[in-house]
Amino acid sequence: MNGILYAATVFIWGSTWLAIAYQIGDTSVVVSVGWRFGLASLALFAVLMFRNALPRLSAENHKMAALLALCLFSNNFLCFYAATQYLPSGLNAVVFSLAPILNAFNLWILEKRRPAGTFIQGALMGFTGVVLLFVSQFLNAEMDTSILLGLALSLVGTYFFSMGNMVSANAQKKDMPLLPTTAWAMGYGAIYLFIIALFMGVPLDVPTTPLYLSALVYLAIVGSVIGFNTYLALVGNIGAAKAAYCTVLFPLVALSLSTVFEGYEWTGLSALGVVLVLAGNLRVFGLPEPLKRSIKRWQRASSSP
């Protein structure tokens with residue numbers, strides 16, 4: 001079961017970036033993100049009501065939900081969607097994979113938790129890998145400076161997500177019910193985005209093309225509700241540290257899909273960049289336990305007479 005949950009989480013999170021790309025250009029980014037989390041909120045409320053697990057939340061809960069809405073379910077995705085106008089979706093996913101490194105950086109700045117030497121080494125490897133990926137993309141696109149704007153937007157979105165993790169961790173320390181708080185947060189995020197759209201004079205209508213609607217439903221239900229729940233189930237079964245390896249692997253799914261469907265072109269620099277990003281994350285997290293056991297067995301076997 002853990003293997004199924006793990007594979008499902010990696011594939012879902014890795015594939016959502018391509019679905020985001022399919023929504024770009026048909027309507028305003030604000031409207032697309034708003035409908036995504038509006039539908040996700042309704043679906044999650046429906047699941048909670050079916051389970052009879054929808055408690056009354058305190059004012060503190062709603063405050064946390066509002067903060068989560070700003071960090072996890074609105075502003076970060078505005079940046080990611082906007083970045084996809086300038087970047088292949090797979091590169092967006094690679095930048096997002098730096099989120100655990102930014103989490104540790106935030107803990108260092110906000111809570112004075114100095115990171116270990118392995119974290120600093122992994123962070124340098126990861127950021128170097130991202131630089132190489134974008135240098136390769138920059139050269140392939142004949143030095144189109146809009147790529148740098150895409151990188152900046154993706155980094156800002158990832159930082160918003162990282163701050164949302166800090167808010168979520170604080171909420172869980174206070175024993176706030178996670179799924180109901182998330183359902184409200186998604187709803188608040190959608191309301192916030194719709195208000196922005198109305199102030200901008202942007203209609204809330206969505207395109208009715210099959211591709212756009214299928215991408216919207218996939219992102220709202222599969223990406224936001226199912227993916228979130230499979231990840232939480234995985235965290236409950238194997239722990240947050242081991243579940244975090246999802247962020248190491250899903251960029252490979254995203255880049256593979258980007259190669260097939262968006263024509264992403266690989267170079268020696270981009271391949272080296274991906275290797276460094278993955279190695280940096282592994283340096284931060286350490287090797288997975290099954291791999292450690294396999295290495296130990298191989299060492300014992302090779303050292304025996």
Side-chain angles (χ1 to χ4, degrees), residues 9-10 12-21 24 29 32-33 36-37 67-110 115 119-120 122-135 137 146-169 185 189 193 219 223-224 227-228 231 240 243-255 258 273-274 276-285:
T9 303
V10 169
I12 289 171
W13 282 6
S15 61
T16 54
W17 301 95
L18 182 63
I20 287 173
I24 299 301
V29 166
S32 290
V33 182
R36 170 181 178 173
F37 288 112
L67 287 173
L68 284 174
L70 294 175
C71 293
L72 294 183
F73 305 120
S74 60
N75 290 316
N76 60 325
F77 278 98
L78 286 180
C79 293
F80 292 137
Y81 276 59
T84 306
Q85 298 177 75
Y86 309 106
L87 302 174
S89 61
L91 288 187
N92 228 349
V94 171
V95 176
F96 181 75
S97 73
L98 297 176
I101 295 174
L102 291 179
N103 287 348
F105 176 77
N106 282 331
L107 288 173
W108 186 9
I109 298 299
L110 299 176
F119 162 77
I120 295 173
L124 289 173
M125 293 168 68
F127 279 109
T128 302
V130 168
V131 169
L132 290 179
L133 276 164
F134 278 87
V135 167
Q137 184 69 17
S146 64
I147 290 169
L148 300 179
L149 175 58
L151 171 60
L153 287 167
S154 193
L155 284 171
V156 171
T158 304
Y159 193 76
F160 266 118
F161 177 83
S162 177
M163 291 302 295
N165 286 340
M166 302 298 103
V167 175
S168 179
L193 292 165
L219 288 167
S224 300
F228 185 79
Y231 179 71
Y245 280 99
C246 292
T247 63
V248 179
L249 296 177
F250 78 72
L252 295 180
V253 175
L255 281 170
S258 184
V274 170
L276 283 173
V277 170
L278 296 178
N281 276 285
L282 288 174
R283 186 61 176 157
V284 170
F285 294 131

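Counting begins at 1 with the first residue of the sequence.
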Got a second to check how far Leu91's CG is from Ser258's OG, nearest 0.5 Å? 6.5 Å

Please confirm whether the backbone N or O of Leu219 pairs with a side-chain atom of Thr16, one donor and one acceptor, at under 3.5 Å? no

Could you tell me whether a side-chain N or O of Ser162 sits under 3.5 Å from a main-chain N or O of Thr158, the two making a donor and an acceptor? no

Verify whether the ring centers belonging to Phe96 and Trp13 lie closer than 6.0 Å. no

Do Ser97 and Val277 come close enough that some side-chain heavy atom pair is under 4.5 Å? yes

For the atom pair CG (Leu155) and CZ (Phe127), what is the distance rounded to the nearest 0.5 Å? 7.0 Å

Of all the heavy-atom pairs spanning Gly273 and Leu132, show the shortest one and how long it is. CA-CB, 4.0 Å

Any side-chain heavy-atom pair from Phe161 and Leu102 closer than 4.5 angstrom? no

Determine the minimum heavy-atom distance between Leu276 and Gly129, stating which atoms define it. CB-CA, 3.7 Å

Work out which heavy atom in Ala83 is nearest to a heavy atom in Gly150; give both atom names and the distance. CB-O, 3.4 Å

Can any side-chain N or O of Asn76 pair as donor or acceptor with the backbone N or O of Leu72 at less than 3.5 Å? yes

About how many Å separate CD1 of Ile20 and CG of Asn92, when rounded to the nearest 0.5 Å? 7.0 Å

Taking the ring centre of each residue, are Phe37 and Phe77 less than 6.0 Å apart? yes

Residues which pass side-chain contact (heavy atoms from CB on, under 4.5 Å) with Leu149, listed by chain and number, not counting sequence neighbours: Tyr86, Leu153

How long is the span from the CG atom in Leu148 to the CG atom in Leu87, to the nearest 0.5 Å? 9.5 Å

Taking every non-hydrogen atom, the tightest pair across Gly280 and Met125: CA-CB, 3.8 Å

Shortest non-hydrogen contact from Ala185 to Ala69? O-CB, 3.2 Å

CD1/Ile12 to CZ/Phe250 distance, rounded to the nearest 0.5 angstrom? 12.5 Å

I would like to know whether Val29 and Thr84 meet side-chain contact (heavy atoms from CB on, under 4.5 Å); could you show each step before the answer? CA-CA 10 Å; Val29 166; Thr84 306; over 6 Å; no

Rounded distance [0.5 Å steps], CD in Gln85 versus CZ in Phe80: 14.5 Å

Note: Ser74 and Val33 closest approach over all heavy atoms is O-CG1, 4.3 Å

